[in-house]
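So you know, we letter chains A, B, ... as the sequences are listed, proteins then strands, and number each from 1. Everything numeric here is computed off the predicted structure, so don't read it as measured data.
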Amino acid sequence: MSLLHYVILTPFIFALTVPFLRTYLRNIHTGWFVIFVPLVLFIYFASHLTLDIGSTPIQHTIPWIEKLDIHFTVYMDGLGLLFSLIITGIGTLVVLYSIYYMSKERESLHTFYIYLLMFMGAMLGVVLSDNLMVLYVFWELTSVSSFLLIAYWFQRQNPRYGAQKSMLITVTGGFFMLLGFLFLYTMTGTFSIREIIDSAGQISTHPLFIPTILLILLGAFTKSAQFPFHIWLPDAMEAPTPISAYLHSATMVKAGVYLVARLTPLFGGTMEWFWIITVVGIITLFWGSFMAIRQPDLKALLAFSTVSQLGLIMSLLGIGSLALHPDQSMNAMLFAGASLAAIFHLFNHSMFKGCLFMVIGILDHETGTRDVRRLGGLMSIMPISFTLSIIGGFSMAGLPPFSGFLSKEMFFTGVLTAYRTLESWVILLPLAAWIASIFTFVYSMILIFETFTGPLHLERLDKKPQEPPYGMLLPPTILASIVVIVFFFPNLLSYTILEPALRSVLPPAMLGLENGFEVNITAWHGWNTELFMTLGVILFGILLYKSLRHWKGIYEWISPKLSLNHLYDRLLEGGENGAYRITNLHMTGFLRDYLAYIFATVIIIAGGSLVWQNLLTLDTSQNAPISIYEYVLSSLLVITALFVVISNSRLFSIIAVGAVGYMISLFFVIFRAPDLALTQLVVETITTSLFLLCFYFLPKLRKEVERVRLRIGNLLIALGVGGTLTAIGLAAQGHRLFEPISYYFEESYTLAGAMNMVNAILVDFRAFDTMLEIVVLFIAGAGVYTLIKLRQSGRDAK
Amino acid sequence: MNNLVVFPILLPLLSGISMFFFRDRIRLQRKVAVNGLLATLAVSLILVGMIAQNGVQVLHIGGWEAPFGITLVADMFAALLLTTASIVSLACLIYAFHSTDEAREKFYTYPFLMLLVCGVNGSFLTGDLFNLFVFYEVMLIASYVLLSLGGSKIQLRETIKYIAINIVASMLFVIAIAYLYAVVGTLNMAHLSERVAEIGQDGVITTISLLFLLVFGLKASLFLYFWLPGSYSAPPPAIAAIFAALLTKVGIYSIIRMFTLVFYHHPEVTHTIMIWLAALTMILGAIGAIAHWDVKKILNYNVIVSVGFIVFGIGLSHADALSGALFYLLHDMIAKALIFILGGAMISIAGTHNLREISGLISHHPALGWLFFLVALALAGIPPLSGFVGKVMILQGGVEKQFYSVVVISLITSLMVLYSVMKIFINGFWGETILSEEEEKSTGRGILIPGSILAALIILLGIGADWAMVYVEQAVEVLVNPSIYINAVFTQP
Amino acid sequence: METFMTIVAGILLTIGTYLVLSRSLLRIILGLSIFSHGAHLMLLTMAGLKQGAAPLVGEQTGTYTDPLPQALILTSIVISFALTAFFLVLGYRTYVELGTDDMRELRGENDE
Amino acid sequence: MFQWLLLLSLSLLSLSVMVSIYRLIRGPSMADRVLALDAISYHIIGIVTVLTVMMDTQAYLEIVLLIGIIAFLGTIALSKFVDGGVVIEYNRDE
Amino acid sequence: MNTIAMSEILTLLFIFIGTALSLLSSFGFLRLPDVYTRSHAGTKSVTLGLLSILTGAFLYFWLKHGVISIRLVLGITFVFLTAPVAGHMIARSAYRSGVKLADISAADELKEDLEKMKQENKESLN
Amino acid sequence: MKFTDTILQTATRVLVMIILTYSIYILFAGHHNPGGGFIGGLVTSSALVLLAMAYDVRTVRQIIPFDFKRIGAFGVLVAVLTGTSALFFGEPFLFQVFAEVDLPLFGPRELATAVLFDLGVYFAVIGTTITIILSISEDQ
């Protein structure tokens with residue numbers, strides 16, 4: 001166990017102590033204890049910033065399930081460190097924020113913080129594991145803790161719905177990702193990401209290569225809410241706002257991004273990888289930004305905005321992966337720029353989106369609503385919140401002087417690069433990106449101005465609004481200041497975080513570089529296309545924002561029945577109904593049907609095997625001779641048995657079955673089995689008398705008024721079963737391959753002191769069978785007793 | 001010779017039978033039952049240790065040498081199953097103390113339970129085909145009695161179907177034994193293996209093996225599962241739990257035993273059929289599981305799904321997948337017992353098994369709720385719980401053997417399983433608390449001890465999988481090398 | 001003889017199957033009874049018929065009929081007797097309790 | 001010759017069984033059927049006895065007496081059943 | 001003529017007498033008009049036939065192997081004892097369950113008793 | 001309507017004795033001749049059933065005042081313990097021994113523990129069969 005292992009496990013271990021905090025220190029908000037966990041971890045991770053983490057990653061292994069090649073290997077390189085910092089840093093701020101947001105009187109805080117810590121540990125595990133299986137373990141844990149956190153207010157309907165939705169979608173992705181990992185294992189023989197990446201060259205021709213990409217991306221896309229799997233994210237906003245800020249914008253949804261970035265060295269050089277990720281990313285970007293505008297609920301707006309921004313990051317990663325493509329080696333640095341933009345924007349997004357969520361949380365907390373139609377004019381009452389939202393919102397819209405501007409410019413560069421180096425129709429990419437940016441601008445403006453400017457309608461609010469306590473304002477303020485600082489000093493990040501992280505996404509060795517990248521981010525690049533695009537965004541954005549009322553009607557064109565949400569609901573409902581129908585179709589509760597299925601299976605499988613293997617043989621050479629009276633007896637046997645079928649008389653059927661039994665015992669006599677004959681006789685008698693005893697009360701056997709079809713069906717099944725079993729029997733007895741072991745029992749007198757071999761077998765050679773047989777008999781007897789008496793005594797008691 | 005091998009059969013048998021002599025002294029019965037099972041557990045653990053050290057343990061009953069008398073063979077596989085079965089039945093027994101009414105207790109619930117365990121343990125241990133049949137019958141008739149014990153309408157109705165189907169299955173078993181005896185002329189499994197290997201399992205034997213597959217499939221609810229959902233809904237919860245945990249597993253055990261020891265020569269026929277049956281089982285079971293809003297039904301269909309999954313692992317005839325199937329088998333016994341116990345407690349608290357009428361139980365019963373959540377995740381194979389390792393190994397085997405479609409089916413069905421059990425959790429435990437503590441039909445007490453034992457095992461098996469894997473590996477070693485088993489049977493005096 | 005008896009056993013199995021598929025509980029139990037007779041006959045036939053004297057040491061002839069299947073059938077007879085007895089009483093109780101022996105009326109509602 | 005004649009006897013006894021079975025099926029009354037069953041069991045005892053002589057073994061002699069016992073029991077049970085439906089009373093004096 | 005041949009002949013004689021009686025009684029069984037008459041054929045002559053067959057077997061084992069088979073003696077006794085009881089029970093049940101006598105019957109001596117019994121039964125029920 | 005079954009009851013008294021003797025014979029003869037504990041037990045049961053048919057259940061209960069379930073359980077226990085006793089001699093479970101013993105009255109006979117085992121079977125069968133039959137009869 002290395003320190004890093006402990007770092008990952010710390011939140012889990014601490015989570016175990018939370019219930020005790022709740023019990024013994026009720027008066028102090030649990031958050032004050034919990035906050036130390038992310039804080040200390042943040043400091044730990046921050047201390048690694050000074051090291052040259054990019055070139056010498058930290059790696060430690062402890063074995064877990066060695067047989068499956070699953071080792072708990074922690075691995076921290078630039079990418080991992082970047083994520084760890086975000087997780088613990090924002091984690092600290094979120095816990096601080098939650099101390100004010102979550103009331104210690106009303107809420108069950110211990111569960112909240114247990115889930116939160118569990119999530120934190122799981123997320124650290126995801127970004128710091130080198131072993132795919134361990135990564136998967138933590139991946140699913142994040143889904144589980146997200147599920148629990150979304151349904152934190154489980155009494156209400158909507159959180160439960162959202163939780164179920166998010167779990168179903170992310171776990172689905174997770175399962176298929178697991179399959180992808182297993183494919184990877186089959187191709188490379190290892191679960192270690194390092195080792196897999198080292199063997200990257202060999203697997204690209206493997207037939208499983210493309211399926212693997214698809215499966216793994218399915219996991220990443222569901223987790224990162226990419227189109228069309230994004231539908232869970234808006235519903236996840238039912239979680240408490242600190243959770244939305246933390247899980248559903250800053251960290252968990254970035255796990256998919258992390259995975260894509262992490263595996264870029266492996267899959268990056270292929271066109272499939274590039275196209276899938278870029279196209280899905282751009283569609284998500286476009287659709288998310290488009291849908292965000294129509295949302296009246298501010299959190300839903302932010303959710304769609306998150307979706308769209310995640311699409312942006314995703315598409316950048318897709319474009320950046322082209323750097324590894326063998327045909328694009330001369331443009332490698334250009335594409336690398338896109339990857340850098342992805343990482344940079346990922347960082348920025350966490351900052352400004354976290355800030356915005358917290359501001360919305362404040363609004364919600366102070367006014368009691370987040371409905372944009374009820375809010376307005378809060379500028380004068382909540383100036384600090386207003387300022388914070390301007391910083392966050394402008395950064396989101398990509399305006400200077402905020403960090404979002406820088407990464408947005410780099411994004412434009414990225415899509416333009418893709419267009420310039422690939423075919424001409426790829427112009428669609430920058431075009432879609434540009435339009436999406438306009439939408440982004442619009443919803444950012446809605447977010448800021450619809451809430452803070454305009455007329456104030458106090459009567460529409462549940463509470464009288466005021467600035468929240470400073471503790472609540474502190475976390476967003478910190479985030480907002482980072483947003484501003486990064487704009488002016490972007491290169492603070494360049495060497496410490498971005499460059500090492502980029503090394504993990506695009507290993508310099510793979511690009512043929514010796515010393516890695518020179519990362520230098522500047523705000524001013526001259527009057528280039530990107531700048532004009534930004535200007536265009538602002539221009540059209542303002543136009544669209546001002547004319548919002550006039551064109552908002554187009555959302556009405558989109559029928560809710562066509563929406564993905566509707567599809568999801570229909571899928572669940574229809575699936576359940578369909579399943580019910582299918583189940584009812586065959587699970588009729590009617591014994592006859594069940595038996596018919598069973599017999600049909602016997603006929604198909606056993607009979608099929610007979611026919612298929614051509615075993616319908618008849619070998620009468622070893623047969624013993626038959627005498628006339630045996631024919632007579634057999635035909636009598638069959639006739640008597642047939643009469644059971646025909647008869648309508650209860651008593652007669654019973655007697656006929658008894659007669660069948662007696663004739664069987666006669667056959668036992670003929671076939672030299674005296675013990676059997678004796679037993680069969682007595683047993684048959686007792687059975688028959690039991691039949692008579694029990695069925696005195698029963699009504700007359702009705703003529704079976706079955707439909708003819710059913711009867712023919714029964715007949716066919718019966719003939720099939722009989723035929724199959726007879727055929728196997730004939731095949732088997734014409735096919736005696738070995739001498740039976742029974743010669744041994746002929747020595748029964750010397751071995752067991754018994755002249756009667758059958759009895760010797762029963763009480764000595766196989767006495768165990770007999771012992772159990774009487775146990776069976778005894779249980780049956782006792783069972784009969786309970787069957788009859790238990791109800792009786794119940795009646796007597798009444 | 002090692003007489004210890006017979007004790008897992010003897011102890012439940014003796015304690016079960018002896019309880020018939022003091023019918024009205026329920027407290028004494030409980031003590032005897034618990035002690036009997038504890039002793040069984042102890043013996044099983046000792047057996048595990050002995051086998052780990054000295055290899056397969058064999059007992060020739062009555063001192064009659066191998067193919068002629070009955071042989072009990074305890075290899076690691078059997079010993080692991082014995083241990084798990086003892087733990088599981090102990091947990092169910094403890095739960096039964098709280099959940100069984102006095103009338104049922106007086107009418108021999110515990111003795112029958114012990115005899116059921118005797119049958120199950122015997123089926124794991126026996127090395128003789130016909131003796132396996134007899135043990136099946138011990139187990140089955142005990143299950144019939146337990147199923148009908150109490151004589152409520154639904155119990156009677158479902159027991160009829162259950163018995164009818166099982167008698168047909170038993171008779172098919174006898175017929176299959178007859179065929180096999182005609183061709184091969186022996187009953188001892190090791191001897192069968194030798195003889196079948198000698199002639200290389202021709203078409204007739206393959207056909208007979210398919211008949212065996214169907215017979216065991218009926219018991220294991222492999223595709224022929226129609227009897228299961230109804231009949232498992234009928235009995236009291238503790239009994240349903242022990243049924244769910246043990247009965248189908250005996251069928252699976254038999255499939256594994258027969259198709260690794262005897263009929264392993266033509267996997268392209270037998271095992272392929274097995275895999276497709278398994279796939280059908282998984283699909284139909286999962287469909288049934290998501291179809292219902294009835295706690296019992298959902299859980300019952302889940303039993304079916306996991307059977308399909310395990311048999312898929314067996315059918316791959318791949319050592320790793322087999323270890324996975326074994327591991328998953330152990331996991332499933334524990335998890336199924338736990339989830340049935342919890343489901344039973346849920347139903348007894350709410351007084352109904354209609355999920356639409358249950359809501360918000362977690363506020364008064366947090367332990368119940370969280371145990372349920374845990375086991376639900378374990379069932380779906382969410383790491384790091386016990387279901388994960390087995391699942392991964394089976395899937396990996398499937399990938400290596402290129403049964404991609406079945407692999408995808410099993411993934412989808414495990415999603416459906418997750419959906420179905422989460423449906424119970426979300427609707428039953430979350431939501432508005434509609435019952436106040438006074439209105440609840442029962443306190444739900446009595447789940448804590450068995451529940452936490454089983455839950456601890458689920459976590460331990462998941463996190464400590466490496467430790468358990470040592471034993472599973474040993475078990476699989478015998479399964480993939482039938483000669484180890486055969487040698488043990490024939491060389492030990 | 002063996003071939004002939006196999007067919008006879010097969011016919012018994014057929015009749016048993018047909019009866020088991022019917023609606024009346026009594027017929028089902030009777031069908032199971034016949035089915036098990038068929039199975040026992042099959043087991044005996046499979047071991048070979050009339051190959052020697054009854055398996056009692058001291059019978060004049062040197063060869064004996066295979067005693068092992070006889071022991072197996074004996075066990076099986078007892079077991080099916082136990083099962084039949086229990087099943088019968090169950091049917092009886094069901095009739096007393098539910099007032100019918102028609103399996104169609106014993107299907108149970110789906111939402112129970 | 002001896003064997004052949006015994007075989008003839010067996011066949012004739014089988015014929016008797018067949019005739020009785022006709023009565024068993026025809027009825028018309030339940031008592032007829034019970035009677036037929038009784039007769040059949042005696043025929044069967046006869047068959048077994050002849051078989052015993054034919055196979056020259058004493059192995060089946062147990063069966064003779066046993067069928068006797070059983071036939072008697074069965075006849076009593078059936079006739080009581082035909083009579084009143086109750087085969088075994090709990091308490092006769094009630 | 002040695003003892004074996006003699007024993008065989010004796011045995012055959014008894015067995016054939018028995019077989020013939022059995023066969024005859026079954027034809028009587030077939031031909032006779034009602035259950036009461038049939039019961040004579042069904043019990044008396046069949047029993048005699050059986051006893052004859054059993055005696056034949058007894059003689060066979062006695063004369064040929066020198067074995068006095070207790071089982072056969074026991075069997076003969078048992079059949080001898082039970083057959084009349086069985087016949088009585090059947091006939092009684094037939095009469096009480098209301099099976100009509102054949103038209104050619106001369107008298108029904110039990111009729112009055114039965115009527116009386118039924119009468120009493122009704123009264124006791126009332 | 002009561003009919004006395006005088007004929008039946010008189011015959012039964014004799015017949016039951018014959019059947020019981022026969023059943024004991026069949027039980028002990030089983031080792032060498034067809035028969036054994038199972039059939040012996042069933043024959044004994046049929047004697048008791050005959051008794052029950054000729055008289056009634058109450059009478060049978062008076063004649064044999066045991067709980068038949070316990071007789072059954074006792075039989076199973078005897079069989080199992082016979083097997084278990086072998087363990088004390090270090091032999092495998094269900095190890096049977098037999099020896100020629102010169103008994104005072106019966107002359108040289110073979111005694112086998114298998115007979116003890118068969119006795120267990122005998123009791124188990126009687127207990128079970130009679131339990132089943134009496135349970136049903138009492139219910140009506």
Would you mind writing out the side-chain donor-acceptor pairs for residues 42-55 of chain D within the sub-3.5 Å range, not counting sequence neighbours?
unit_1 : atom_1 : unit_2 : atom_2 : d
D:T49  : OG1    : D:I45  : O      : 2.6
D:T52  : OG1    : D:V48  : O      : 2.6

| If you count heavy-atom pairs under 4.5 Å with chain F, which of D:L65, D:I63, D:L61 comes out on top? | D:L65

| query | Counting a contact as any heavy-atom pair under 4.5 Å apart, which residues of residues 10-26 of chain F contact chain D? | reply | F:L15, F:I19, F:Y22, F:Y25, F:I26

| field | Structural part of D:I70 lying under 4.5 Å from a heavy atom of chain F | value | neither

| message | Return the OG to CG distance between F:S45 and D:L73, rounded to the nearest 0.5 Å. | response | 10.5 Å

| request: With sequence neighbours left out, write down each residue that passes side-chain hydrogen bond (donor to acceptor under 3.5 Å, both in side chains) with F:T59, or none if nothing qualifies. | output: F:D56

| task | Measure D:I69 against the heavy atoms of chain F and call it side chain, backbone, both or neither at under 4.5 Å. | result | side chain

| query | Taking every heavy-atom pair that is under 4.5 Å apart, which of F:L50, F:V43, F:I133 has the most such pairs with chain D? | reply | F:L50

Hey, can you pull the donor-acceptor pairs under 3.5 Å for the side chains in residues 119-130 of chain F, sequence neighbours left out?
unit_1 : atom_1 : unit_2 : atom_2 : d
F:Y122 : OH     : F:T44  : OG1    : 2.7
F:T128 : OG1    : F:A124 : O      : 2.7
F:T129 : OG1    : F:V125 : O      : 2.4

